[in-house]
Amino acid sequence: MILQKEDTMQNARYWKNRIRTRSAAIMGEEHMRKAAVVVPLLQLHDEYHIMFERRAWSLQSQPGEICFPGGKIDDSDPTPLAAGLREFEEETGIPSHAMDIWGALDVVVQPFQRIVYPYIGEVDYAGDFSPNTSEVDELFTVPLDFFLKHEPEKHNVYMGMRFSETFPTSLIPNEETYRTNTTTLPQFIYHYQNVVIWGLTAQIIRHAVSLLR
């Protein structure tokens with residue numbers, strides 16, 4: 001097919017308009033799992049605390065680990081924030097209107113095909129906590145001052161590339177380099193009394209604390 005000059009110019013105008021009027025996104029995000037979490041701050045004894053959950057031991061995924069309220073963004077959720085507040089109420093039993101969202105933290109793109117949208121806010125609630133026991137083993141708080149004064153431990157996790165059996169590796173220059181290279185993923189660990197906070201939760205805390213400082 002041979003394009004005439006006027007066709008080429010028309011295509012160019014169309015292409016320019018497509019690029020100029022779109023908003024940049026995360027490449028491939030339509031295929032990624034998406035979740036939202038909320039970092040809840042509470043005023044206790046005249047100081048701020050961060051609320052955490054211990055995941056129920058009956059869960060198949062990460063039982064007994066420490067996390068923030070949150071979870072999968074459903075198709076029915078109008079925004080990531082709406083999903084985070086919905087999950088916050090479902091898991092903690094605290095009404096979502098008791099949460100005053102201060103704002104969004106940086107979006108986390110994990111190497112496991114998942115995007116996490118974190119938010120931080122203050123809980124104004126004087127009632128009893130009644131967590132959903134099918135998902136949450138316990139709710140507890142840690143003074144914010146602890147995180148402001150203590151840096152986490154830093155350790156590395158190494159990830160490598162593994163090709164499928166049908167991948168045409170012979171077509172790739174430097175094939176062996178890709179087979180042996182690894183990527184370093186820093187991981188942070190906080191120790192508070194008998195609690196270990198690590199992974200995504202520690203990463204979000206470290207980021208939030210850097211903003212609060």
Side-chain angles (χ1 to χ4, degrees), residues 29 31-42 44 49-77 80-96 98-99 105-121 123 125 127-144 146-147 150-160 162 183-209:
E29 67 175 309
H31 305 299
M32 296 183 182
R33 295 173 295 149
K34 299 179 180 67
V37 300
V38 177
V39 181
L41 297 171
L42 299 87
L44 300 174
H49 284 232
I50 301 178
M51 174 191 284
F52 296 91
E53 298 177 352
R54 183 182 296 278
R55 291 172 59 83
W57 291 98
S58 58
L59 293 174
Q60 292 185 347
S61 174
Q62 300 173 309
E65 295 202 24
I66 307 304
C67 66
F68 290 120
K72 179 178 177 290
I73 299 174
D74 293 337
D75 292 338
S76 58
D77 293 316
L81 176 57
L85 290 173
R86 174 182 55 76
E87 290 281 351
F88 169 78
E89 182 168 329
E90 291 176 1
E91 293 176 2
T92 67
I94 300 171
S96 59
M99 169 69 75
L105 301 174
D106 287 353
V107 177
V108 183
V109 181
Q110 295 184 296
F112 314 108
Q113 293 293 296
R114 189 169 74 146
I115 302 174
V116 180
Y117 298 85
Y119 299 87
I120 187 169
V123 179
Y125 182 70
D128 295 329
F129 297 158
S130 54
N132 179 349
T133 55
S134 66
E135 296 185 66
V136 181
D137 185 68
E138 65 172 327
L139 296 174
F140 65 94
T141 69
V142 177
L144 174 61
F146 169 80
F147 298 108
H150 294 83
E151 290 294 330
E153 293 180 8
K154 180 183 176 182
H155 302 274
N156 290 329
V157 171
Y158 302 103
M159 297 184 65
R162 187 172 66 177
T183 297
T184 302
L185 299 178
Q187 294 290 311
F188 302 97
I189 301 176
Y190 289 97
H191 296 269
Y192 178 76
Q193 297 179 355
N194 62 338
V195 173
V196 175
I197 303 169
W198 81 291
L200 175 65
T201 304
Q203 184 180 355
I204 292 173
I205 292 172
R206 185 170 176 269
H207 167 57
V209 166

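All residue numbers in this chain count up from 1 along the given sequence.
Of all the heavy atoms in Met159 and Pro111, the pair that sits closest is SD-CG, 4.1 Å. Taking each heavy atom of Pro40 and Val123 in turn, the nearest pair found is CB-CG2, 3.7 Å. In plain terms, the two heavy atoms of Tyr125 and Ala98 that are nearest each other are CB-CB, 4.2 Å. Shortest non-hydrogen contact noted between Glu135 and Leu59 is O-CD1, 3.5 Å.
Judged as a side chain to side chain contact (heavy atoms under 4.5 Å, CB included), and not counting sequence neighbours, the contacts of Leu44 are Leu42, His49, Thr141.
For the pair Glu89 (side chain) and Ser96 (backbone), a donor-acceptor distance under 3.5 Å is present. Judged by distance alone, with hydrogens and angles left aside, the side-chain atoms of Glu91 form a donor-acceptor pair with the main-chain N or O of Gly70 at under 3.5 Å. Between the Lys34 side chain and the Pro80 main chain, no donor and acceptor come within less than 3.5 Å of each other. Of the possible donor and acceptor atoms, none in the side chain of His207 sits under 3.5 Å from a partner among the backbone N and O of Leu105.
Rounding to the nearest 0.5 Å places CD1 of Ile189 at 12.5 Å from NZ of Lys154. The line from CD1 of Ile120 to CZ of Phe68 is 8.0 Å long, rounded to the nearest 0.5 Å. To the nearest 0.5 Å, atom CZ of residue Phe129 and atom OG1 of residue Thr92 are 8.0 Å apart. Atoms OH and CZ, from Tyr192 and Phe140 in turn, are 9.5 Å apart once rounded to the nearest 0.5 Å. The CD atom of Gln187 sits 12.5 Å away from the CD atom of Glu153 when rounded to the nearest 0.5 Å. Considering CG of Leu200 and CD1 of Ile66, their distance stands at 13.5 Å, rounded to 0.5 Å.
Applying the salt bridge (Lys or Arg N to Asp or Glu O under 4.0 Å) definition to pairs two or more places apart or across chains, those involving residues 59-77 are Lys72-Asp74, Asp74-Arg86, Asp77-Arg86. Among residue pairs with one or both ends in residues 53-63, those qualifying as salt bridge (Lys or Arg N to Asp or Glu O under 4.0 Å) are Arg54-Glu138; sequence neighbours excluded.
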Decide side-chain contact (heavy atoms from CB on, under 4.5 Å) for Ile94 and Met99; before the verdict, give the C-alpha distance in whole Å, the side-chain angles of both, and the deciding distance to 0.1 Å.
-> CA-CA 9 Å; Ile94 300 171; Met99 169 69 75; over 6 Å; no
Check against side-chain contact (heavy atoms from CB on, under 4.5 Å), Val195 and Phe52 = CA-CA 11 Å; Val195 173; Phe52 296 91; over 6 Å; no
Margin query: Quick one, Tyr117 with Leu81, criterion side-chain contact (heavy atoms from CB on, under 4.5 Å). Give me CA distance, side-chain angles, the key distance, then yes/no.
Written below: CA-CA 8 Å; Tyr117 298 85; Leu81 176 57; over 6 Å; no
| request: Could you please spell out the steps behind the side-chain contact (heavy atoms from CB on, under 4.5 Å) verdict for Ile50 and Leu41? | output: CA-CA 5 Å; Ile50 301 178; Leu41 297 171; 3.6 Å; yes
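Taking the six-membered ring where tryptophan is involved, the planes of Tyr190 and Phe147 are perpendicular, since the angle between them exceeds 60° and thus also 30°.
Side-chain contact between Tyr119 and Val37: absent, with no pair of heavy atoms (C-beta onward) separated by less than 4.5 Å. Between Val196 and His191 the shortest side-chain heavy-atom distance falls below 4.5 Å.
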